[in-house]
Amino acid sequence: MADSVKKVDYFKAMVSNKIGEGAKTLEALKREGVNLLAFSGFPRGKKAQLDFVAKDGAEFRRAARRAGIDITEKKTCFLIQGKDRAGAVAAVAGKLAEAGVGIVALDAVAAGGGRYGAILWVAPKDVGKAAKALGA
């Protein structure tokens with residue numbers, strides 16, 4: 001089975017970099033019934049950046065508004081899923097390098113059951129070039 005690479009919308013929220021803030025945000029989205037395909041969070045000084053890829057972006061925006069979560073306008077990243085194997089992420093990175101596209105960030109994980117998943121960000125100016133290189 002070939003990897004699936006999809007160009008997807010993501011939304012960013014900045015929260016206080018304190019214990020429990022991410023959990024509180026995720027719990028609020030859970031109460032709203034949001035199904036996330038990917039999530040990433042990391043510190044940025046006194047704040048923490050939370051990135052969300054939702055199954056339904058429009059519903060995510062409505063749910064975030066109802067929950068009082070301040071999010072950015074939608075942005076674009078890539079959701080990658082495939083058969084777990086040695087070099088899976090290296091192949092993705094290699095395709096982008098060959099196309100002259102730099103990676104801004106990449107999070108990948110073995111998902112169990114012989115599968116892996118990744119979320120990949122490139123500069124906004126490179127989204128089209130990356131989509132072409134990855135077949136998204």
Side-chain angles (χ1 to χ4, degrees):
M1 172 196 274
D3 289 350
S4 164
V5 181
K6 297 178 192 169
K7 192 166 67 163
V8 295
D9 296 334
Y10 81 95
F11 302 87
K12 176 174 79 173
M14 299 300 290
V15 299
S16 180
N17 188 7
K18 294 190 303 190
I19 293 171
E21 287 300 309
K24 184 170 93 176
T25 303
L26 289 167
E27 181 60 33
L29 293 170
K30 175 186 167 189
R31 280 193 309 272
E32 291 292 334
V34 172
N35 184 6
L36 295 175
L37 300 177
F39 169 77
S40 178
F42 53 92
R44 295 194 67 153
K46 293 184 181 203
K47 296 283 187 178
Q49 180 174 322
L50 308 179
D51 294 335
F52 306 93
V53 175
K55 185 172 184 178
D56 182 332
E59 179 53 35
F60 175 83
R61 282 192 299 266
R62 288 188 294 272
R65 187 172 41 249
R66 287 190 303 265
I69 301 167
D70 186 27
I71 59 172
T72 61
E73 291 298 315
K74 71 179 178 180
K75 299 179 180 200
T76 303
C77 66
F78 295 90
L79 181 65
I80 305 166
Q81 298 170 306
K83 182 180 178 202
D84 191 14
R85 64 199 181 279
V89 175
V92 170
K95 287 178 183 178
L96 292 174
E98 286 175 22
V101 175
I103 295 171
V104 171
L106 171 64
D107 295 327
V109 63
R115 307 271 302 148
Y116 87 101
I119 184 169
L120 166 75
W121 295 264
V122 300
K125 69 178 182 58
D126 290 332
V127 168
K129 204 181 207 183
K132 184 176 179 184
L134 297 174

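All values below come from the heavy atoms of this structure, side chains included, with hydrogens, waters and symmetry mates left out. Since we're looking at a predicted model, the values are computed, not measured. Position 1 is the first residue of the sequence; numbering continues from there.
- Ion pairing of Asp3 with Arg85 is present here, as a side-chain N (NZ or NE/NH1/NH2) and a carboxylate O approach within less than 4.0 Å.
- One distance of note links NZ of Lys6 with CZ of Phe78; it measures 13.5 Å at 0.5 Å rounding.
- Not one N or O on the side chain of Asp51 forms a donor-acceptor pair closer than 3.5 Å with the backbone of Lys12.
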* Can Arg66 and Glu59 be said to form a salt bridge (charged side-chain N to carboxylate O under 4.0 Å, His left out), step by step? -> CA-CA 11 Å; Arg66 287 190 303 265; Glu59 179 53 35; 2.9 Å; yes

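- By the criterion of side-chain heavy atoms lying less than 4.5 angstrom apart, applied directly or through intervening Ile, Leu, Val, Met, Phe, Trp or Tyr residues, Ile119 is not grouped with Val127; the two fall into different hydrophobic clusters.
- Residues Lys129 and Gly100 come closest through the heavy atom pair NZ-O, 4.0 Å.
- Val104 and Val89 are not part of a single hydrophobic cluster, where members link through side-chain heavy atoms under 4.5 Å apart.
- The hydrophobic cluster containing Leu96 also contains Ile80, counting ILVMFWY residues as joined when their side-chain heavy atoms lie under 4.5 angstrom apart, directly or transitively.
- No single ILVMFWY cluster, assembled from side-chain heavy atoms under 4.5 Å apart, contains both Ile103 and Trp121.
- For the residue pair Asp107 and Ser40, a side-chain donor N or O sits within less than 3.5 Å of a side-chain acceptor on the partner.
- Ionic pairing of Lys24 and Glu21 is present here: one or more N-O contacts between side-chain nitrogen and carboxylate oxygen are shorter than 4.0 angstrom.
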* Decide side-chain contact (heavy atoms from CB on, under 4.5 Å) for Asp9 and Val53; before the verdict, give the C-alpha distance in whole Å, the side-chain angles of both, and the deciding distance to 0.1 Å. => CA-CA 6 Å; Asp9 296 334; Val53 175; over 6 Å; no

* To do: Take Cys77 and Leu120, measure what side-chain contact (heavy atoms from CB on, under 4.5 Å) needs, and give me the verdict at the end.
  => CA-CA 6 Å; Cys77 66; Leu120 166 75; over 6 Å; no

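- Counting side-chain heavy-atom gaps under 4.5 Å among Ile, Leu, Val, Met, Phe, Trp and Tyr, the cluster of Phe60 also holds Phe11, Val15, Leu26, Leu29, Val34, Leu36, Phe39, Leu50, Phe52, Ile69, Ile71.
- Interatomic distance, Lys46 NZ to Lys18 NZ, rounded to the nearest 0.5 Å: 11.5 Å.
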* Worked verdict on Lys95 versus Glu98 for salt bridge (charged side-chain N to carboxylate O under 4.0 Å, His left out) -> CA-CA 5 Å; Lys95 287 178 183 178; Glu98 286 175 22; over 6 Å; no

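- In terms of heavy atoms, Leu79 sits closest to Ala38 at CD1-CB, 4.3 Å.
- In summary, Glu32 and Arg65 do not engage in a salt bridge, as defined by a charged side-chain N under 4.0 Å from a carboxylate O.
- Using a 4.5 Å cut-off between side-chain heavy atoms of Ile, Leu, Val, Met, Phe, Trp and Tyr, with links allowed through other members, Tyr10 and Leu106 fall into different hydrophobic clusters.
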